[in-house]
Amino acid sequence: MVRRSTSNVGRRKLLFTIGVLVAVLALVAASCNGDDDDGGGDASASAGDINTRREAAGLQPLTDAQLEAAALTYLPSGEIDPYIMFASGGHAGQMFVIGMPSMRLLKTIGVFTPEPWQGWGFGNEGTDAVLAQGDVGDQEIRWADTHHPALSETAGEYDGQFVFINDKANARVAVIDLRDFETKQIVKNPIAINDHGGTFVTPDTEWIIEGGQYATPHGWEFAPIESYDDEYKGMVTFWKFDRASGRIDENQSFALELPPYWQDLCDAGKLVSEGWIFCNSFNTERATGAGEDGSGENFEAGASARDNDYMHIIDIDKAVAAAQGGKTFDVNGFPVVGLQTLIDDGIMYFIPEPKSPHGVDVTPGGEYMVVSGKLDPHVTVYSIEKAEQAIANQDWVPDEYSGVPVLNFDSVMEAQVELGLGPLHTQFDDKGYGYTSLFLDSTVARWSLGPPYQDDGWKLEGAIPVNYNIGHLAAAEGDTVSPDGKYVVALNKWSIDRFFHPGPLLPQNFQLIDISAEPDTAPDTAGMQLLYDMPIGMGEPHYAQIIKADKLAPFDVYPEIGFDPATMAVDPNAPTAGTERVERNGNEVEIWQTAVRSHYTPDRITVKAGDHVIWHLTNIDTSIDATHGYALPSYNVTLSLEPGETGTFEFDATDSGVFPFYCTEFCSALHLEMAGYFLVEP
Ligand code: K7E
Ligand code: CUA
């Protein structure tokens, strides 16, 4: 609580500081525009000074608006960002933690891909075990294509406890605990080989939703493409999240068998639509591609033939009742509710969507689902109230292929708003505006929502150009029940000419946009102002979520000596000061070692070639800056032990030789002395 009030003071200070800066800049602008006979006064002179110094440094002069943007994102050394963005790492398989509005990268969290700085996946048994949970059959998979981070929620608000993310390539979901920002669990989807519509959480994080993408036979099995209509299936998986243990409970999780349409993004209902899940789809044509014999059409054409695809709307309570009532069949030991049950029990309905839809995003109050058309310049807005009414009225026709009831489009559609070319994803603010990314136009469109948000809504206010190829966008707390407004970040793919480009593979570009002003204040950009460009030299960003920093309460240090992040508890077998030792039992050598500024105890260990080594190491330091690393040459071991943390690694000492192990963090003046010899006798 103390922490929170301190942060609030910090935020008020920040807002005050920005206010003062803006006032100063307004003065600068006013005096620049005034007569300059008297030199424009001190403020003007200082703006001039800045540009003189920029010129001397070979930089372009700044306009007043650019100076203002710089001041609005500049945080002096020591000032903490009021927002934290959790961004997908794309095919880096990681997650980025970025401070806003400074757009400073604070951490890359090792998730599906080994990450040596954090000792993630290089010998530490706890981390190796988490990564191994993501193996597919007997294939070791050590990368991922992460798309959609989802912060845990309580009553539809981010609660700062956990963040989840999916791997599109291999249909996996990871759980990250925000007490230490480390990945605790990876689950491999038992029925699907790839996914996309995840992760999205229900308003109290009871369920983590993972929707499918490319239809395949369930259970990672083979079936000839000619049997597509019978053997290929779509899916959505409901992972049960157990907040107390901080883990997905696989035994209470289940999936739904969906038609072999390619399910796309999903979102969970909230407030008035709580209890519903919405998942888009495309390729309701059931196109099967062009064969090497010249048969068939390629997917680009085949999957775009029909005018409509379907939004799946799924009643969670009824789905859970069917799963818990045993109306399931098993795939790889995992319960799946069959398609016919979904129809018979009224669990799922379809709503027609303009062809090849992409994002589906639920408004803050839960009233509407906003769908973007990719090939349609509109967003189409559906009303959950109207959908429920259409279900009650049986205002539907069965889908020809699957038999799923297709609700009458005209009965459930609330509005269509023409925004521009290539709409993809929508976020919301606190003033009743929606923000939609336009991939083809390379803009962010700002548009007004209809009642209860704005009386004369459902209209485009304008757009701001972004550079370039925007995919998702993220607004501050923008998909919660109470968005903050203030900022939108455009998550652009390939920056083209924004930065020095280090070879032909271009950096990605995160652009910070201020959305606090009303549209009429700057009609050219509907009131939006571009503040900052942030290059990311890593995998393609997809989605991000932005949380108030004061909702996060991470550990400064682990709470007790001997803490094991894998269990988030003290490991009773962890070495502590005074219990360091080496025990030999035949060919097995077990080591209990501690690390403290600036030595390991013991720091000379001798074994025989062929011995099996089990090595426990605890960092017994307790101060916040006392992380110790551990690197062992040739055996591929690197650990990062934060204060209090313990780790274990195990290997066969197959190679004889002398192996100096050492601390990889410059932890003290005698850090170079924080080393030891591991001697392996021939
Ligand atoms: Cu549009 Cu995977 Cu959400 Cu990429 S997805 S942009
Ligand atoms: Cu410990 Cu360097």
Side-chain angles (χ1 to χ4, degrees), residues 87-91 117 119 144-150 165-169 171 194-200 209-214 262-267 278-280 282 356-361 370-374 422-427 436-440 442 444 466 468-474 479 489-494 508-510 539-545 593-601 603 617-623 625-631 638-643 645 660-676:
S88 141
H91 30 304
W117 169 53
D145 183 14
T146 55
H147 277 232
H148 306 111
I165 195 162
N166 73 310
D167 165 24
K168 168 168 167 155
N194 67 95
D195 71 22
H196 193 222
T199 50
F200 297 92
I209 308 302
E210 182 192 18
Q213 180 106 92
Y214 310 114
W262 291 358
Q263 284 80 36
D264 201 33
L265 293 191
C266 301
D267 201 359
F278 310 102
C279 293
N280 284 330
F282 60 107
S356 307
H358 193 41
V360 53
D361 297 284
V370 177
V371 170
S372 293
K374 256 173 10 189
L424 294 185
H425 299 286
T426 300
Q427 293 270 287
T436 300
S437 53
L438 298 175
F439 179 79
L440 296 176
S442 282
V444 170
V466 292
Y468 298 90
N469 302 308
I470 182 172
H472 278 268
L473 71 181
D479 61 5
V489 176
L491 302 163
N492 307 319
K493 307 155 196 301
W494 316 306
Q508 329 283 345
N509 188 13
F510 289 11
E540 179 186 340
H542 288 269
Y543 187 41
Q545 288 191 336
Q593 184 185 47
T594 59
V596 72
R597 276 177 177 141
S598 306
H599 57 270
Y600 297 102
T601 306
D603 60 10
L617 175 55
T618 304
N619 177 357
I620 59 172
D621 264 310
T622 54
S623 59
D625 62 344
T627 290
H628 298 293
Y630 171 94
T638 175
L639 312 185
S640 172
L641 298 174
E642 282 79 78
E645 181 174 352
F661 57 86
Y662 70 98
C663 172
T664 45
E665 293 275 338
F666 208 109
C667 55
S668 78
L670 294 179
H671 150 78
L672 292 177
E673 287 77 357
M674 190 164 178

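In each ligand, atom 1 is the first atom listed, and ligand 1 is the first ligand listed. It should be emphasised that the depicted structure is a prediction, and the values quoted were computed from it without experimental measurement.
Residues His147 and His472 place their aromatic rings such that the two centres sit no closer than 6.0 Å.
Under 4.0 angstrom from ligand 1, the non-hydrogen atoms of His358 all belong to its side chain. Residue contacts with ligand 1, taken as heavy atom pairs separated by less than 4.0 Å, do not involve Lys168 at all.
Listed by number with element, the atoms of ligand 1 under 4.0 angstrom from any heavy atom of His148 are 2 (Cu), 3 (Cu), 5 (S). Residue His472 approaches ligand 1 through these ligand atoms, each under 4.0 Å from one of its heavy atoms: 1 (Cu), 3 (Cu), 5 (S), 6 (S). Near Leu265, with a cut-off below 4.0 Å to any heavy atom, the atoms of ligand 1 are 3 (Cu).
Looking only at heavy atoms of the protein, atom 6 (S) of ligand 1 is closest to Lys493 NZ, 3.3 Å. If you check which protein heavy atom lies closest to atom 4 (Cu) of ligand 1, you get His542 ND1, 2.0 Å.
A pairwise comparison of heavy atoms in Thr664 and His671 identifies C-CE1, 4.1 Å as the closest pair. Taking every heavy atom of both residues into account, Ser372 and His425 meet most closely at OG-N, 3.8 Å. Between His358 and His196, the shortest heavy-atom distance links the atoms CE1-CE1, 3.9 Å. In terms of heavy atoms, Phe282 sits closest to Pro357 at CB-CD, 4.5 Å.
Because the distance cut-off is set at 2.8 Å, Met674 qualifies as a neighbour of atom 1 (Cu) of ligand 2 through one of its N, O or S atoms. Coordination check, His147 versus atom 2 (Cu) of ligand 1: passed, since an N/O/S atom of the residue sits under 2.8 Å. For atom 1 (Cu) of ligand 2, the N/O/S atoms of His671 include none lying under 2.8 Å.
For the pair Asp361 (side chain) and Thr426 (backbone), a donor-acceptor distance under 3.5 Å is present. Remark: the backbone N or O of Val371 is not paired with any side-chain donor or acceptor of Asn280 at under 3.5 angstrom.
Vertex atom 1 (Cu) of ligand 2; arms to Cys663 SG and Cys667 SG; angle rounded to 10 degrees, 120°.
Nearest N/O/S atom of His628 relative to atom 1 (Cu) of ligand 2: this is ND1.
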**Prompt:** Should His148 and His542 be marked as a side-chain hydrogen bond (donor to acceptor under 3.5 Å, both in side chains) after you check the CA-CA gap, both sets of side-chain angles, and the distance that decides it?
**Reply:** CA-CA 7 Å; His148 306 111; His542 288 269; 5.6 Å; no
